[in-house]
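Have a look at the structure below before the remarks.
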There are 2 protein chains.
Amino acid sequence: MSLRIALLGMLAAGGPTSGYDLAKKFDGSLSHVWPARHSQIYPELAKLAADGHATVRDEGSRGRKLYELTPAGRDFLDEWLRSADPAPKVRSESSLRLFLLPLLPPEVAVPLLRAEASRYAEQARVLAAERDARQPPDTPGRNGWYAADLGVRNFTAIRDWATATADHIEALPRSGMDGKV
Amino acid sequence: MSLRIALLGMLAAGGPTSGYDLAKKFDGSLSHVWPARHSQIYPELAKLAADGHATVRDEGSRGRKLYELTPAGRDFLDEWLRSADPAPKVRSESSLRLFLLPLLPPEVAVPLLRAEASRYAEQARVLAAERDARQPPDTPGRNGWYAADLGVRNFTAIRDWATATADHIEALPRSGMDGKV
DNA sequence: AACCTCATGTAACGGGTTACATGATTTC
DNA sequence: GAAATCATGTAACCCGTTACATGAGGTT
């Protein structure tokens with residue numbers, strides 16, 4: 001379901017869009033939330049059209065197809081957004097790694113945590129620049145300012161955790177057990 | 001790969017464990033990072049044993065099998081933790097929803113954002129209590145304090161975003177366009 | 001005896017990734 | 001005219017979810 005929602009959302013936010021351009025969004029801002037490849041996007045767009053949630057508005061050059069959201073698609077999207085799933089699923093390989101890094105011996109874990117901290121700081125910096133390039137929206141939902149702001153806050157929180165955790169491990173008295181077990 | 005890593009990590013952190021008990025962890029703290037069901041865990045544990053990354057140390061009553069990490073499994077885990085993937089994948093249905101909420105008309109979006117803010121505040125509160133019940137570890141990697149702390153920071157960041165976004169939308173001058181487009 | 005929890009497994013299906021495949025247009 | 005980019009699609013495989021299935025041991 002989520003891929004469908006993400007596609008409808010992009011069509012709602014950006015107007016008529018081709019599969020090719022949607023794929024670029026899924027490789028950019030959306031990649032931090034719900035990544036997808038063109039091989040998945042094209043078939044899903046076809047299903048969207050079959051279900052009446054989108055229509056092909058134009059066929060441009062090179063076989064380019066512009067998909068447009070239908071009222072039914074918009075309703076479907078709105079309904080999904082209104083009804084909160086109490087236990088939505090998260091699957092994050094990066095958090096899994098952060099989760100487990102403290103298992104390594106301190107002299108290995110600390111530098112890795114510091115490296116992660118600066119990677120996330122950098123990602124936050126880049127996203128913040130993107131966010132600030134767009135000015136804060138005066139029509140809500142337009143132009144992805146809020147989405148970028150969410151990303152910045154997430155990256156910053158992770159950077160803070162990595163720094164605090166590295167500091168904390170570093171401050172521990174050395175034991176002989178090397179963090180094994 | 002990630003399921004395997006998560007299993008090895010849990011075996012590294014908790015010593016010999018049964019599939020049944022591992023499944024409970026994947027339903028608890030790990031559910032925010034890498035959820036998994038027993039139907040996926042049991043076959044993967046069998047593969048782990050087949051690949052020499054874990055062994056069945058004991059068979060208890062009721063067919064209970066205690067899996068133990070082997071040195072090869074530990075090496076495999078360490079190697080994975082040391083080598084950072086520059087673009088690790090995240091898939092989060094909840095963030096997707098937050099991402100798209102500002103598409104709704106302000107009078108709908110603002111209450112939903114406030115509801116999300118209090119849900120995340122509550123989640124942060126619960127996790128913080130769990131974290132503080134365990135004291136900060138004096139052996140790194142033990143007892144999941146760092147993991148819980150990461151969760152708290154994430155939830156808090158999202159709550160802050162939802163609040164700030166609701167405030168921001170609320171402060172906008174009313175336009176006639178209802179956030180559609 | 002009935003019921004609950006512990007404990008492990010399998011099978012069918014759906015969603016996602018990687019790789020394969022093709023052709024049109026633009027740029028050098 | 002060669003190469004890069006635009007643009008769409010399909011197929012095989014892997015991973016994850018839901019549902020089905022079974023039995024042991026403890027509780028009332």
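Every chain is numbered from 1, with letters handed out A, B, ... down the list of sequences.
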(message) Any carboxylate oxygen within less than 4.0 angstrom of a Lys/Arg side-chain nitrogen, looking at R114(A) and E170(A)?
(response) yes
(request) Between S2(A) and L66(B), just flag the one whose closest nucleotide in DNA chain C comes earlier from the 5' side. (result) L66(B)
(message) Quick one, W161(B) and L113(B) - any side-chain contact, counting heavy atoms below 4.5 Å?
(response) yes
(message) Any carboxylate oxygen within less than 4.0 angstrom of a Lys/Arg side-chain nitrogen, looking at E59(A) and R64(A)?
(response) no
Which atoms of nucleotides 3-7 of chain C (N or O only) lie under 3.5 Å from a protein N or O atom, and what are those distances?
unit_1: dC6(C); atom_1: OP2; unit_2: Y20(B); atom_2: OH; d: 2.7
unit_1: dC6(C); atom_1: O5'; unit_2: Y20(B); atom_2: OH; d: 3.3
unit_1: dC6(C); atom_1: O4'; unit_2: R62(B); atom_2: NH1; d: 3.0
unit_1: dA7(C); atom_1: OP1; unit_2: R64(B); atom_2: NH1; d: 2.9
unit_1: dA7(C); atom_1: OP2; unit_2: R64(B); atom_2: NH1; d: 2.9

(request) Return the value, rounded to whole Å, for the distance between atom CD1 of I41(A) and atom P of dT18(C). (result) 14 Å
(request) Would you work out how much the helix from dA1(C)-dT28(D) to dC28(C)-dG1(D) bends between its ends, with each end axis defined by five base pairs, to 10 degrees? (result) 20°
(request) Indicate whether the side chain of S18(A) and that of D21(A) have a donor and an acceptor atom separated by less than 3.5 Å. (result) yes
(message) Please determine whether side chain to side chain contact (heavy atoms under 4.5 Å, CB included) holds for the pair K24(B) and Y20(B), giving the CA-CA distance in whole Å, both sets of side-chain angles, and the decisive distance to 0.1 Å.
(response) CA-CA 7 Å; K24(B) 279 195 284 189; Y20(B) 186 83; 4.1 Å; yes
(request) Nearest whole angstrom, please: distance from the P of dG16(C) to the CD of E44(A). (result) 8 Å
(message) Would you say that D51(B) contacts R4(B) through its side chain, given a criterion of any heavy-atom pair below 4.5 Å between the two side chains?
(response) yes
(message) Heavy atoms only, 4.0 Å cut-off, all strands: where does R4(A) land among base, sugar-phosphate and nothing?
(response) nothing
(request) Give the cluster check for V108(B) versus L101(B): same hydrophobic cluster or not, with ILVMFWY residues linked at side-chain heavy-atom distances below 4.5 Å. (result) yes
(request) Anything under 30° is parallel, anything over 60° is perpendicular, the rest tilted; go ahead and classify H168(A) against W145(B). (result) parallel
(request) Pick out which of L48(A), L30(A), L77(A) makes a side chain to side chain contact (heavy atoms under 4.5 Å, CB included) with L7(A). (result) L48(A)
(request) Using the heavy-atom set of chain A and a strict 4.0 Å cut-off, write down the first and last nucleotide of DNA chain D that makes it in, 5' to 3'. (result) dT5(D) to dT17(D)
(request) Classify the side-chain pair R74(A)/H53(A) by whether it contains a donor and acceptor separated by less than 3.5 Å. (result) no
(request) Could you tell me whether R82(B) and E79(B) have a side-chain N and a carboxylate O separated by less than 4.0 Å? (result) no
(message) How many whole angstroms separate atom CD1 of I5(A) from atom C1' of dG16(C)?
(response) 18 Å
